[in-house]
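The sequence lines fix the lettering, A, B, ..., with proteins before strands; numbering per chain opens at 1.
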Amino acid sequence: MSKIQAPKGTYDILPDGNPKDPWTVSANWQAIERIAREVAALYHFREIRTPIYEYTDLFHRGTGETTDIVRRETFTFTDRGGDSLTLRPEGTPGVVRAAVQHNLLADQGSRLKVFYIAPNFRYERPQRGRYHQHHQFGVEAFGIAQPEQDAECITLQMDFYRRCGVKDLSLRLNTLGDAESKKRYRDALVQFLEPRKSQLSEDSQRRLTENPLRILDSKDEKDVKAREGAPAAQEYLSEASQTHFARVQELLTQGSIPFVVDSTLVRGLDYYTNTVWEVIAGGLGAQNSMGGGGRYDNLVETLDGKPTPGVGFGSGLERLLIALEAQGVDLPKSSPPLVWLISLGDAARDANLKLIQELRQHNIPADMDPTGRSAKAQFKLADREGAAYAITVGETELSSGNVVLKNLKTTEQTAIARSEIVAHLQSLVTK
RNA sequence: GUGGGCGUAGCUCAAGCGGCAGAGCACCAGGCUGUGAUCCUGGUCCGUACGGGUUCGAGUCCCGUCGUUCACCCCA
């Protein structure tokens, strides 16, 4: 197609998008964003909005130099002043940057609980459920190192899914240990795998020096085989990390949130320490990860803040909509009843232009067609646009001082005095 | 970044081995000169993503590009 089109891997959200591609339907976004805001408020997370691009360095230092996300998936460009900027590939670094920049975590005991609904950008081969621009609902909680905060984030996330109506979910949970445990384990793993280097996949041979933990969740058969008998992270956990992880599990169990511990779960972000988790949903095909998160107790200091613990998650909204569609779940669509004004003749049209203004000022959604088409065409339009009521005005009504109100669902039609129509509709619309 | 499938009206899709490009929905109008959602009739809209090639002839075969999709990779 030579006609101009949306860039590869992006899409438009339309009033009448394709229900088979639920992420293209604007009403769906309104529904899940409303639920996200409600659930965030219930857990007392407040909204934060940060720029869609940051200085490139932030993601290199935050997300991590060796992650796939930073190594090969960023949209990076130089601005006209010569600065290197990157469209954010994930939410956490920008939030940490903002918190540090505005001294929100400067005092001992500072705490901050925030959420965002925002686009992220990753340059990957696009396919259903994986786009160059995708959207996430995420939360970050700073200042509380206790496992209770991990559990609250997980609970919030699962609550969000429950309120949206997702059925087929599974929560995978793991711990990487604190920074020292993680390092000890990393060294042990390298020691184990180094002699087997030649048996590893090409990617994993590189990871061995750059990011050895990632070899654990490789699906490549060679890697699965080569890592047989590898030491488990659990064996290298500090006492504190062990009790932390045990308490997180205890809290989830108490909260009746089912989970499975999966020691191969590593996640693709360098900054995680201790708890990490991921939620898988049915109906998503290969792109089955709906959201994930973890604790990052060293990230704030990495980004020049005072040492402050943090934990949070990001959840893909396109994938949520795809899962809901695949599972046959309907989102609640709230639209207030629409009133359609039908005019027969120019004088009636002018009268209706006054009436429509009055209705709108009384918070009654109203619309009309001013093109002077037949009554039939105007009713047809009212029906197509989903109006609940039609008001007809013609010569007869103008001289009698009435309007004709029709309930388009029941087809009931009655004459009502023009002077009473607004109050009458208000009582119909508000009940 | 790797490998495969697909790309025909606004939408969903049809056109055995290459042989005059169609349907349903949608949209407009009329039947009903002031009544939709039902029904009937008529009409509008595409020339097959784009570019090239083979052929008397290409939607159909070949090559390239673009887009999309599936798997890998990665992750949301």
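- Looking at heavy-atom distances under 4.0 Å, A:Arg373 makes contact with sugar-phosphate atoms alone, never a base.
- For A:Asp16 and B:U12, the CG to C1' distance is 16 Å, given to the nearest whole Å.
- Checking B:A71, B:C66, B:C75 against every side-chain atom of A:Ile69, the shortest atom distance belongs to B:C75.
- Nucleic acid contact for A:Glu73: sugar-phosphate only, since backbone atoms but no base atoms lie under 4.0 Å from a heavy atom of the residue.
- In summary, the side chains of A:Asp220 and A:Ser218 do not present any donor paired with an acceptor at a separation below 3.5 Å, with no hydrogens or angles considered.
- Heavy atoms of A:Lys376 sit under 4.0 angstrom from at least one base atom.
- For the residue pair A:Ser289 / A:Glu278, a side-chain donor-acceptor distance below 3.5 Å is found, with atom types taken as modelled.
- A:Arg128 comes within contact range of the sugar-phosphate backbone alone, with a heavy-atom separation under 4.0 Å but no base atom that close.
- If you check B:U35, B:C75, B:A29 against the side chain of A:Ala377, the one that comes closest is B:A29.
- Nucleotide B:C66 forms a Watson-Crick or G-U wobble pair with B:G7, both donor-acceptor distances falling under 3.5 Å.
- One P atom belongs to B:C20, the other to B:C25, and the distance between them is 26 Å to the nearest Å.
- The glycosidic torsion of B:G47 lies within 90° of 0, which places this base in the syn conformation.
- Separating the P atom of B:U65 from that of B:G22 is a span of 33 Å, rounded to the nearest Å.
- Residue-level contact check: A:Glu397 touches the bases, meaning some heavy atom is under 4.0 Å from a base atom.
- Spacing between B:A49 and B:A15 at atom P, rounded to whole Å, works out to 16 Å.
- A donor atom on one side chain and an acceptor atom on the other are found under 3.5 Å apart for A:Thr92 and A:Glu140.
- Using modelled atom types, one side-chain atom of A:Asn352 and one backbone atom of A:Ile342 make a donor-acceptor pair closer than 3.5 Å.
- Across all strands shown, A:Arg384 has heavy atoms under 4.0 Å from sugar-phosphate atoms exclusively, and none from any base.
- By the 6.0 Å contact criterion, OH on A:Tyr55 is open, its count of non-hydrogen atoms from other residues, nucleotides or ligands being 12 or less.
- Ring geometry, A:Phe75 versus A:His132: the interplanar angle exceeds 60°, so the pair is classed perpendicular (tilted spans 30 to 60°).
- Rounded to whole Å, the C1' atom of B:U44 lies 23 Å from the corresponding atom of B:C32.
- Taking 4.0 angstrom as the limit, A:Lys406 places none of its side-chain polar atoms (N or O) nearer than this to OP1 or OP2 of B:U35.
- Formation of a donor-acceptor pair under 3.5 Å by the A:Glu124 side chain with backbone atoms of A:Glu73 is not found in this model.
- Of the candidates B:G30, B:C75, B:U68, the closest approach to any side-chain atom of A:Ser374 belongs to B:G30.
- Comparing the same atom, C1', in B:A58 and in B:A71 gives a spacing of 32 Å after rounding to whole Å.
- Nucleic acid contact for A:Asn120: none, since no nucleic acid atom lies under 4.0 Å from a heavy atom of the residue.
- The local environment of CD in A:Glu210 is crowded, with over 12 non-hydrogen atoms from other residues, nucleotides or ligands closer than 6.0 Å.
- Judged by atom type and distance alone, A:Gln287 does not reach the base of B:A71 through any side-chain donor-acceptor pair under 3.5 Å.
- With a cut-off of 3.5 Å on both pairing distances, B:G57 has no Watson-Crick or G-U wobble partner at all.
- Contacts of A:Gly9 with the nucleic acid, taken as non-hydrogen atoms under 4.0 Å apart, involve only primed sugar atoms and P, OP1 or OP2.
- For A:Arg71 against B:G1, a side-chain-to-base donor-acceptor contact under 3.5 Å is absent.
- Using the Watson-Crick or G-U wobble rule with both distances under 3.5 Å, B:U48 pairs with nothing in any strand shown.
- For the P atom pair drawn from B:G43 and B:C17, the interatomic distance equals 32 Å after rounding to whole Å.
- Going from atom CD of A:Gln127 over to atom P of B:G67 covers 15 Å, rounded to whole Å.
- With both pairing distances under 3.5 Å, B:A71 is matched to B:U2 as a Watson-Crick or G-U wobble pair.
- Pair check for B:C27 finds B:G43; Watson-Crick or G-U wobble, both atom distances under 3.5 Å.
- Following rounding to the nearest Å, A:Tyr271 (OH) and B:C75 (C1') show an atom-to-atom distance of 12 Å.
- Listed candidates were B:C75, B:U68, B:C74. Nearest to the side chain of A:Pro126 is B:U68.
- Place A:Glu412 and A:Leu269 on RNA chain B by their nearest nucleotides, and A:Glu412 ends up nearer the 5' end.
- For the C1' atoms, the distance from B:C66 to B:G51 is 10 Å, rounded to whole Å.
- Rounded to a whole Å, the NZ atom of A:Lys20 is 22 Å from the P atom of B:C6.
- Closest to the A:Leu408 side chain, of the nucleotides B:G36, B:C75, B:C74, is B:G36.
- Within 4.0 Å (heavy atoms only), A:Ser218 reaches no atom of the nucleic acid at all.
- For A:Tyr53, the OH atom is loosely surrounded, since the number of other residues' heavy atoms within 6.0 Å does not exceed 12.
- The nearest whole Å value for the distance from the CG atom in A:Asn407 to the P atom in B:G36 is 16 Å.
- Base pairing analysis places B:C13 opposite B:G22; the two distances defining the Watson-Crick or G-U wobble pair are each below 3.5 Å.
- Residue A:Arg319 places a side-chain atom within donor-acceptor reach of the base of B:C75, judged by atom type and a 3.5 Å distance cut-off alone.
- Toward the 5' end of RNA chain B, the nearer of the two residues A:His134 and A:Phe379, judged by each one's closest nucleotide, is A:Phe379.
- Atom CG of A:Asp369 and atom C1' of B:U35 are 14 Å apart (whole Å).
- If you check every strand for non-hydrogen atoms under 4.0 Å, A:Gln413 touches a base.
- Distance, A:Asp383 CG to B:C27 P: 10 Å, rounded to whole Å.
- Between A:Asn18 and B:U12, a side-chain N or O to OP1/OP2 separation shorter than 4.0 Å is present.
- Nucleic acid contact for A:Arg267: sugar-phosphate only, since backbone atoms but no base atoms lie under 4.0 Å from a heavy atom of the residue.
- The nearest whole Å value for the distance from the CG atom in A:Leu216 to the P atom in B:C75 is 13 Å.
- Taking a centre distance below 5.5 Å and an interplanar angle below 30 degrees as the stacking criterion, A:His135 does not stack against the six-membered base ring of B:A76.
- Applying the 4.0 Å criterion to OP1 and OP2 of B:U69, one finds that A:Tyr131 has a side-chain N or O inside that range.
- At a cut-off of 3.5 angstrom, counting only N and O atoms as typed in the model, there is no donor on one side facing an acceptor on the other between the side-chain of A:Arg122 and the base of B:C75.
- In this structure, A:Trp277 has its ring center at least 6.0 angstrom away from the ring center of A:Phe259.
- With a cut-off of 3.5 Å on both pairing distances, B:G36 has no Watson-Crick or G-U wobble partner at all.
- Which of B:U69, B:C72, B:A37 sits closest to the side chain of A:Lys380 comes down to B:A37.
- Going from the C1' atom of B:C27 to that of B:G36 covers 15 Å, rounded to whole Å.
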